[in-house]
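Let me begin by presenting the structure, written as structure tokens, before commenting on it.
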Amino acid sequence: MTVEVAGVRYPTPVMTASGCAAAGRELTPFLDLAAIGAVVTKSVMLDARSGRATPRMVETPSGMLNSIGLQGPGIDTFLADDLPWLVKQGAQPVVSIAGGSLGEYAELARRVGMAPGVAAVEVNISCPNVENRGLVFACDPFQAARVISATRRGIPKDIPVLAKLSPDVTDIVTVAEAVMEGGASGLSMVNTTLGLAIDPVTLRPALGGVTGGLSGPAIRPLALRCVWQVYAAMPEVPIIGIGGIRTGFDALEFLAAGASAVQVGTSTFHDPSSPARVADELRSELALRAAVSPREVVGVAHRPAGTSALRAEVSM
Amino acid sequence: MTVEVAGVRYPTPVMTASGCAAAGRELTPFLDLAAIGAVVTKSVMLDARSGRATPRMVETPSGMLNSIGLQGPGIDTFLADDLPWLVKQGAQPVVSIAGGSLGEYAELARRVGMAPGVAAVEVNISCPNVENRGLVFACDPFQAARVISATRRGIPKDIPVLAKLSPDVTDIVTVAEAVMEGGASGLSMVNTTLGLAIDPVTLRPALGGVTGGLSGPAIRPLALRCVWQVYAAMPEVPIIGIGGIRTGFDALEFLAAGASAVQVGTSTFHDPSSPARVADELRSELALRAAVSPREVVGVAHRPAGTSALRAEVSM
Amino acid sequence: MTVTYDPLQVSGRVLSNDRVGAYHHLTVVAPGIAERTRPGTFVAMAVGGEHTGMLLRRSFSIYRTRSSGVYGGTVEVVFAVAGKGTEWLAGLRGGDILDVIGPLGRPFTLPRQPVPCVLVGGGYGTAPLFGLADRLRERGCAVHMVLGAATETRLFGLLEARRTSQSVEVSTDDGSLGVRGQVTTVLPALLQRTGAPVVYACGPMAMLRAVAAVAEERGARSQCAVEEAMACGVGVCMTCVLPVRGDDGHVRMVRSCTDGPVFRGDRVLWDEVGTVPAGTVGAPGAGGQR
Amino acid sequence: MTVTYDPLQVSGRVLSNDRVGAYHHLTVVAPGIAERTRPGTFVAMAVGGEHTGMLLRRSFSIYRTRSSGVYGGTVEVVFAVAGKGTEWLAGLRGGDILDVIGPLGRPFTLPRQPVPCVLVGGGYGTAPLFGLADRLRERGCAVHMVLGAATETRLFGLLEARRTSQSVEVSTDDGSLGVRGQVTTVLPALLQRTGAPVVYACGPMAMLRAVAAVAEERGARSQCAVEEAMACGVGVCMTCVLPVRGDDGHVRMVRSCTDGPVFRGDRVLWDEVGTVPAGTVGAPGAGGQR
Ligand SMILES: Cc1cc2nc3c(=O)[nH]c(=O)nc-3n(C[C@H](O)[C@H](O)[C@H](O)COP(=O)(O)OP(=O)(O)OC[C@H]3O[C@@H](n4cnc5c(N)ncnc54)[C@H](O)[C@@H]3O)c2cc1C
Ligand SMILES: Cc1cc2nc3c(=O)[nH]c(=O)nc-3n(C[C@H](O)[C@H](O)[C@H](O)COP(=O)(O)OP(=O)(O)OC[C@H]3O[C@@H](n4cnc5c(N)ncnc54)[C@H](O)[C@@H]3O)c2cc1C
Ligand SMILES: Cc1cc2nc3c(=O)[nH]c(=O)nc-3n(C[C@H](O)[C@H](O)[C@H](O)COP(=O)(O)O)c2cc1C
Ligand SMILES: Cc1cc2nc3c(=O)[nH]c(=O)nc-3n(C[C@H](O)[C@H](O)[C@H](O)COP(=O)(O)O)c2cc1C
Ligand code: FES
Ligand code: FES
């Protein structure tokens, strides 16, 4: 079930999602890191970050809100400890980086670009731009593109740079086009959507950070729509689908909508073996439809009804 | 539990949501239309509409997608049959209108404006603008504002015009400001968010209309966040909160975030008595917190922790 | 347009839930519903329990009702496990609580005269026909049944049909019981033999369409109970529509929950279900609500 | 930082689920977990069934385990109904299936010497102390227990404590049993009398903070098992953090699921739980991921 995304081959199309697998270590009791698609690491910033005050999460119907605030050790500790460990495990490390300014992204890229064993770099652009009134990079096509080009310059040519998009925009296709022009090799879609919950006792926002990112199956239709729209506009661009994937069929939906691979986030909290289990289930879903490789179903939902050979094989 | 929204008094703060209660008739076995906050009617267009092809719905985790396509009898039949019937029942009719062009909204407003018994007009601006490449009015502050002013002109001064916002925008506050400047008396927030699902057999989009509107508890955190942001920016603007409300506590969350009233949509499909039940439950939630009226909790989540007298009364 | 019966919403207790061939036969105590039920109407059941992610009710034809008994009035349905909601229903045990709304929809129209009637059921579609058969017999109509299914285990109610009907014909796709073929393999001869002026049918859309066509050919009327995906079941959402020609000759997208589920077979545009046929009132809409 | 034990994910069968005062005592067959359990570790249980809208596991201290038996190894927890997940757990019946991950987290550190120990439990917080008491006695430590709760029915394990401990003191907020007041009303005298150099505590945060303070005043060490909202329970999400001073003197936001739930009482910045104290490594972050 290997797949290629932006020139890199992964053992399966199912990866962990950034921030939902730390740097992989804690999942080893539950799955084989070398056998899953990739370990996308928690977004790392230049310096160590304490993150936000608790409460950092609220459960919501078929979803959750989080407001972690990118807690992490900073890039140097990450490159010294986590990355080499992942490489030693035989995992495919996709390193996620996050910054507060163009300069920070550029510097992160420079350091990650020098580290051995990186399969791909994912750029989390859902961060406030401290140089632009705290506006989130991902919500502005121009700023988003600038971050990607700043990052791209620091990363060796053979390592793809994936831009991770936010769904919280009026027109995701415009952002997608901008980051591709900025030099992205592919797109990770989508990050969480901004949400809020109220605490029943205080009647104040339940999260320490007031608003937080909504994730989980609740947002799957929204994430799928984003993938659908971008694939429809740019079918040649590699897409990694993310958002509420819990089963092999969910993963298949993303492939059909146009993703070449997927990431599993929140579901890992329910079932820490999710990234491996979803791949197994996807294998069965493909077999059921007599598809020999995941590639075959990528974007199939865009073909006119009846033109795909896959349909006839299913009996559900 | 009466509330006032934009100058109109409603028996309770809990209304039906447009498109989720038809014109009220079918709910009479399950609740007393005169006792609920208001009956917000299915968005009506100038002419009769067949709506989209089926399938028109897909169940999703804690939510659903719909693609009805505004099926309806057209404004004249509505004003001749449905509205007088609602008025006779003693219900508070909030008439929702939808159009494909400025002219259509203006004409709808003119006709609704002449009809007796209308409590308020809600303007569904989540419609494609046929004069602007099919771009949805609600996604463009300028077009959204134009629709509202065109509508406002046709409606007598004492009938409030509520602009119903879409959450599918980068910056909902900008749209809110624009429609208020366009002459809206208040805001209904939010409409569904655009989503997609794939059919397991055909691997094509499951909805006849390809994409559809996501509703239900899944989107509640997203809807609450929109209300929170707009109230924070414009605390004086009346807001009706909508999105995934299923219980009295859900309604309370919206009030605390800044809504003066709420609408219950998808939950009605699960429990057709929802608009009445949610009001009853809200009454208990308020009593538990020793709040004498719903007004008291409106926007309370924005006050600094500890400054509200409500907190101390709860023991949960 | 109109709600024919006043449905009730009842929090009922499961009395029994048994396997019957490929199906499940569920009996729920739901006082009040029995008294209002007429053949062809249905119930909508909440599935998944209180904190479920499944928001929408599941609809089932009413198989039988009893107005009272030791436990109060009951409603019975027969269902196949089709997905996660019916899977959950299949797991219910006696004593569990189930939220039921019903009866919903319009019933079969009964003939004014004591004419012979043919009742055609596909798979679990036979279930609502037994109550209909009772009413027809009360009016002096002779009842002939046709039961069809993919295979023998998917036939429902064969013994009951044999016990209560004037004649019973069976067809299975694989020939495991009765005639190999579809219900329409046996229907023309049966209509001929009985001279029945009306056919009642419940089953998959393809079957209904074929039955309606055979009936029309033979100059008989047909009354077909359809199955469209329903979000609300009570007429407020407009998801359950299909194209139906009205008395005025105009085609409209009509709700199958309140204007159906029973329709005159000659009024449904069977070939165009799933589309908005050209010429439908209000079609084609330019733009519109997603 | 490190995963001390290899947790297992087990689809277990419920053996029993009984009410005990204000609590529920749940026993699940979960082979393999017992063997790995050390006092103070916890399990995370999936709630709500397959199609639930509740995505996150619920965490519970391990009360007891048995490595084997007629049914295989079992794990027991004691819980209060706090919300919808625990409500669902309370409804489980013998034979139901429950997905359990455990043991998770770091256990209580045991003293090297056979010293007298004081174990303080608040409400259901007493549950994990009995396994601890067993281990301590095995090492020749005298075990003294303090049980506190709001009211008598919210005390857990009093008889068991009396049967197995050297001494037991009880406090209730309302005075319905034992001393009226908090556990810290009786703790200073008990530390004095027993000369215990170490206090183990499990209960609400406010209690832990007070116990840690009393211990510190008396020159005793404290080991406190905390309860922070956890999304994953296994260390990957960073939701369960609290400010803890490390060996190097620096305060960090530390995961209570993998670095806890047991912490040295003198290391937790109790007054600043729920904040990021000034001076914490990496604080204050300008901007950042929501
Ligand atoms: C008026 C009416 C009467 C019916 N009578 C019976 C009956 O007597 N026995 C029986 O076994 N089934 C009957 N059905 C079909 C039954 O409602 C579906 O099998 C059931 O809803 C499937 O639910 P699920 O969760 O198991 O499947 P899923 O596929 O998981 O359901 C997903 C969604 O699609 C809807 N859906 C899926 N299949 C159907 C379908 N065939 N018809 C309508 N909605 C569907 C569900 O209601 C749900 O909202 C009837 C349907 C209707 C409309
Ligand atoms: C390490 C640890 C050990 C625990 N041991 C026990 C025990 O032995 N007995 C017992 O009764 N309870 C224990 N708890 C608390 C128990 O986890 C919560 O009562 C439970 O999660 C509440 O779930 P709910 O769905 O009923 O409540 P809801 O309020 O509906 O839960 C909503 C969300 O908040 C989380 N949450 C709510 N309250 C708490 C809490 N107090 N602690 C952590 N998360 C919470 C839930 O996990 C869930 O994600 C422990 C918690 C932790 C972290
Ligand atoms: C607790 C948590 C932490 C997250 N942290 C990050 C992060 O550091 N960087 C990032 O790009 N995305 C982060 N995400 C977003 C996920 O990677 C993913 O895009 C999103 O959760 C949607 O997928 P899911 O529904 O499968 O979780 C985080 C999500 C959660 C739930
Ligand atoms: C089946 C369906 C039809 C709808 N039709 C309309 C409509 O005609 N006009 C409108 O403004 N909103 C319409 N909506 C949106 C709802 O009014 C509401 O804004 C949205 O569903 C969110 O609320 P909920 O989660 O409570 O359903 C519709 C929603 C559904 C589910
Ligand atoms: S199912 Fe809602 S109108 Fe028919
Ligand atoms: S609960 Fe996820 S890191 Fe602790």
Side-chain angles (χ1 to χ4, degrees), chain A residues 16 19-22 25-30 42-43 45 47-64 66-74 98 100 124 126-130 134 136 192 194 208-209 211-213 216-218 246 266-273, chain D residues 1-3 5-9 44 46-48 51-58 83-85 99 101 104 228-243 250-258 272-290:
Chain A
T16 66
C20 301
R25 221 182 288 253
E26 293 81 356
L27 293 184
T28 52
F30 306 103
K42 168 85 187 160
S43 298
M45 300 191 78
D47 301 318
R49 297 253 304 189
S50 65
R52 298 251 170 75
T54 52
R56 288 181 171 185
M57 69 100 171
V58 186
E59 194 184 51
T60 67
S62 296
M64 67 175 282
N66 87 79
S67 149
I68 308 296
L70 290 179
Q71 176 169 351
N124 176 358
S126 295
C127 302
N129 182 351
V130 296
V136 171
T192 53
L194 199 64
T211 55
R246 200 181 61 84
T266 304
S267 174
T268 314
F269 305 161
H270 182 88
D271 170 11
S273 76
Chain D
M1 200 90 298
T2 53
V3 180
Y5 300 94
D6 253 14
L8 289 180
Q9 182 170 0
V47 294
H51 303 293
T52 180
M54 294 188 273
L55 293 188
L56 304 177
R57 286 175 182 263
R58 275 37 178 184
K84 51 199 190 316
D99 187 314
I101 295 180
L104 294 165
E228 271 290 339
M230 296 178 174
C232 76
V234 302
V236 295
C237 74
M238 307 303 286
T239 59
C240 62
V241 298
L242 72 181
H250 288 303
V251 176
R252 288 183 183 78
M253 299 303 283
V254 159
R255 290 169 297 184
S256 57
C257 65
T258 45
E272 296 178 274
V273 169
T275 72
V276 178
T280 301
V281 172
Q289 162 86 357
R290 59 217 189 188

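By convention in this document, chain letters (A, B, ...) are assigned in the order of the sequence lines, proteins followed by strands, and residues within each chain are numbered from 1.
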Residue part contacting chain D, namely of A/Thr60, when any heavy atom lies under 4.5 Å: backbone

Between A/Asp271 and chain D, which part of the residue has a heavy atom less than 4.5 Å away: side chain, backbone, both or neither? both

Any heavy-atom pair between the side chains of D/Thr239 and A/Ile68 that's under 4.5 Å? yes

Pick one of side chain, backbone, both or neither for D/Ile101, based on which atoms fall under 4.5 Å of a heavy atom in chain A. side chain

Which heavy atom of A/Gln71 sits nearest a heavy atom of D/Val241, and at what distance? OE1-CG1, 3.7 Å

Measuring from atom CZ of A/Arg52 to atom CE of D/Met238, what distance do you get when rounded to the nearest 0.5 angstrom? 14.0 Å

Okay, A/Pro61 and chain D: the region with an atom under 4.5 Å from a heavy atom over there is backbone

Closest non-hydrogen atom pair between A/Ala48 and D/Val281, with its separation: CB-CG1, 4.0 Å

Minimum heavy-atom separation for A/Glu26 to D/Val236, with atom names? CB-CG1, 3.7 Å

Please determine whether a side-chain nitrogen of the Lys or Arg among A/Glu59 and D/Arg58 lies less than 4.0 Å from a carboxylate oxygen of the Asp or Glu. yes

Minimum-distance pair of heavy atoms, taken over all atoms of D/Pro7 and A/Phe30: CG-CZ, 3.6 Å

Spatial distance of atom CG (D/Leu56) from atom OG1 (A/Thr266) [nearest 0.5 Å]: 8.0 Å

Closest heavy-atom pair, D/Thr280 versus A/Ser50, reported as atoms and distance to 0.1 Å, is CG2-CB, 4.0 Å

Shortest non-hydrogen contact from D/Arg57 to A/His270? NE-O, 2.5 Å

Any side-chain heavy atom of A/Ser273 sitting closer than 4.5 Å to one from D/Gln9? yes

Check whether any side-chain heavy atom of D/Cys232 sits under 4.5 Å from a side-chain heavy atom of A/Thr268, and report yes or no. no

